[in-house]
Amino acid sequence: MEARAGISKQDIREQIWDYMESQNLADFPRPVHHRIPNFKGSYLACQGIKDLDIFARTQEVKVDPDKPLEGVRLLALQSQKTLLVPTPRLRTGLFNKITPPPGASKDVLRKCATSQGVRNHSVPVGLDSRVLVDLVVVGSVAVSEKGWRIGKGEGYADLEYAMMVSMGAVSQGTPVVTIVHDCQVVDIPEALLEDHDLTVDYILTPTRVITTGCARPKPAGIIWSKISCEMMGRIPILRSLRSREKQAGKDVTLQDEHQHLPEPHSQHTAPPGTVRRPRDPPPQESGPVQAGDVPSNTVYVGNLPRDTRVSELKRALRGRGAAPLRLTWQGLQHRAFLHYQDPAAAQQAVSCLQGLHLGANTLSVALARQQTASDLVGSCAREPHPDHCPTI
């Protein structure tokens, strides 16, 4: 699959997800949209790791918890290697070490390799544990033969790797493997890559073992300027790592902590991270709002049930992996506005939130710019007072 001009990461994700579903290549859990997609033949693809010399030499292997990587987790356990699996969304730490019962049979090991087994047969690994990972195995939505990778858009694999660098668990020489269906090996424009993006050294598919020879440097640690305060609140281990790096004299300024002055043409919209003190009066509204005036990183959520609480909406957004940087609540109008880091994040949130229900209502979700001017009057023409703009 060749990339067309002007394509985005999200475009590539959607193409892959749609193709795998339409061609019935996808496997449980389905639909594969907004996931690292499982596929028919994933266990066969996983077997290819036995042909890599690096796997034979590996003592400690980190394997993501995604369903298509289950076969690699099983092989690691059968080979009596130390298996480390990241905690889901990094809520309770970085790693869990899988610890099968003594004398575990192959059937028991197979259960230990599943997501349920990871929960039932593991112990947490703390920051102070001496971990030296010999091999990293990650899931992907798309990958190129050059080793450039696209995940599902939440950034956890990239962040996990950066955190491992920060704690000394991996180095630039630690090989990274991904396991995908052949249709997921596509052309990815280099212009889409960012400094925090993780590249891969080997690609395993049901039919091929691809050595990428990728020379692009892997992330050299956590890029704190890309970490939001909201993310810090969700991931406790980040706070610990940030404290350590701050004590070491590193710049740990967060994304939200950079203060910017409003652009002259957007005087009614405060930039992300700006805090208006409660005593500051909100700016006056200046006439009807045109759709073009609405920031492109803002998502409109409508048709909220009459008795909905903001906490219920926040919980639903987190459940879909679409928590915004800020949320403007307009319950009396049965709507809310979600403010994201950039237009791409807003577009991804729109995709993730399609079909979302609260109570008996199916919510209306779209980019705020796509709403009519009458929908937006009194909504985005000004920055809401902090009391009316709860933070996720």
Side-chain angles (χ1 to χ4, degrees), residues 10-11 13-14 17-18 21-22 26 28-35 37 88-89 91 152-154 228 230-231 233-234 268-270 272 282 285 288-392:
Q10 188 62 22
D11 291 333
R13 293 184 188 106
E14 296 290 348
W17 289 327
D18 290 346
E21 285 291 347
S22 67
F28 174 84
R30 298 179 70 173
V32 294
H33 293 77
H34 314 298
R35 306 178 190 271
R89 299 184 181 275
R91 293 189 192 98
K152 60 185 175 183
E154 296 181 349
S228 67
E230 183 268 338
M231 183 177 288
R234 285 189 287 111
H268 299 303
T269 303
E285 203 166 296
V289 184
Q290 303 300 317
D293 296 333
V294 180
S296 57
N297 64 340
T298 301
V299 173
Y300 165 88
V301 178
N303 198 34
L304 292 170
R306 184 179 300 274
D307 58 350
T308 300
R309 296 183 177 184
V310 66
S311 59
E312 294 173 320
L313 178 58
K314 290 180 181 181
R315 187 161 52 248
L317 296 174
R318 288 195 295 266
R320 289 290 186 98
L325 294 177
R326 294 181 294 114
L327 183 153
T328 302
W329 178 252
Q330 296 184 346
L332 293 178
Q333 290 80 34
H334 313 298
R335 65 192 177 197
F337 290 87
L338 315 179
H339 309 280
Y340 291 90
Q341 176 180 339
D342 51 40
Q347 184 61 64
Q348 180 188 341
V350 170
S351 299
C352 291
L353 296 175
Q354 293 304 310
L356 179 63
H357 289 77
L358 277 182
N361 291 19
T362 300
L363 303 190
S364 173
V365 181
L367 291 176
R369 278 192 169 188
Q370 295 173 352
Q371 299 303 109
T372 63
S374 61
D375 289 330
L376 300 176
V377 170
S379 301
C380 291
R382 59 178 180 166
E383 180 71 14
H385 189 283
D387 289 346
H388 303 293
C389 188
T391 301
I392 286 286

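Contact annotation: the side chain of L363 approaches that of L313 to within less than 4.5 Å [non-hydrogen atoms, C-beta and beyond]. T298 is not listed as a side-chain neighbour of T328, based on a closest heavy-atom distance of 4.5 Å or more.
One finds the OG1 atom of T308 at 5.5 Å from the CH2 atom of W329 (value rounded to the nearest 0.5 Å). Expressed to the nearest 0.5 Å, how far CG of D11 lies from CD of Q347 amounts to 8.5 Å. Taking NE2 of H334 as the reference point, atom CZ of R306 lies at 4.5 Å (rounded to 0.5 Å). Here the CG atom belonging to L358 is positioned 9.5 Å from the CZ atom belonging to R315, to the nearest 0.5 angstrom. The line from CG of L317 to CG of L356 is 7.0 Å long, rounded to the nearest 0.5 Å.
Across all non-hydrogen atoms, the minimal contact from P37 to V32 is CB-CB, 3.7 Å. Summarising the geometry of L367 relative to A346, their closest heavy-atom pair is CD2-CB, 3.9 Å, with the distance given to 0.1 Å.
No more than 12 heavy-atom neighbours from other residues, nucleotides or ligands sit within 6.0 angstrom of CZ on R309.
Every side chain to side chain contact (heavy atoms under 4.5 Å, CB included) that Q10 has, sequence neighbours left out, goes to S8, R13, E14, W17, Q348, S351. Evaluation of the side-chain hydrogen bond (donor to acceptor under 3.5 Å, both in side chains) rule for T362 yields H357 as partners, not counting sequence neighbours. Considering only residues two or more places apart in sequence or on other chains, P31 meets the side chain to side chain contact (heavy atoms under 4.5 Å, CB included) condition with E21, H33.
Not a single donor-acceptor pair under 3.5 Å links the side chain of R320 to the backbone N or O of A349. The main-chain N or O of Y340 is found under 3.5 Å from a side-chain atom of N297 such that the two form a donor-acceptor pair. N303 places no side-chain N or O within donor-acceptor distance of the main-chain N or O of S364, the cut-off being under 3.5 Å. No donor-acceptor distance shorter than 3.5 angstrom exists from the side chain of R326 to the backbone of H339, with no hydrogens or angles considered.
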Should L353 and L338 be marked as a side-chain contact (heavy atoms from CB on, under 4.5 Å) after you check the CA-CA gap, both sets of side-chain angles, and the distance that decides it?
CA-CA 12 Å; L353 296 175; L338 315 179; 3.9 Å; yes

Stepwise, does the side-chain contact (heavy atoms from CB on, under 4.5 Å) test hold for V365 with V299?
CA-CA 7 Å; V365 181; V299 173; 3.8 Å; yes

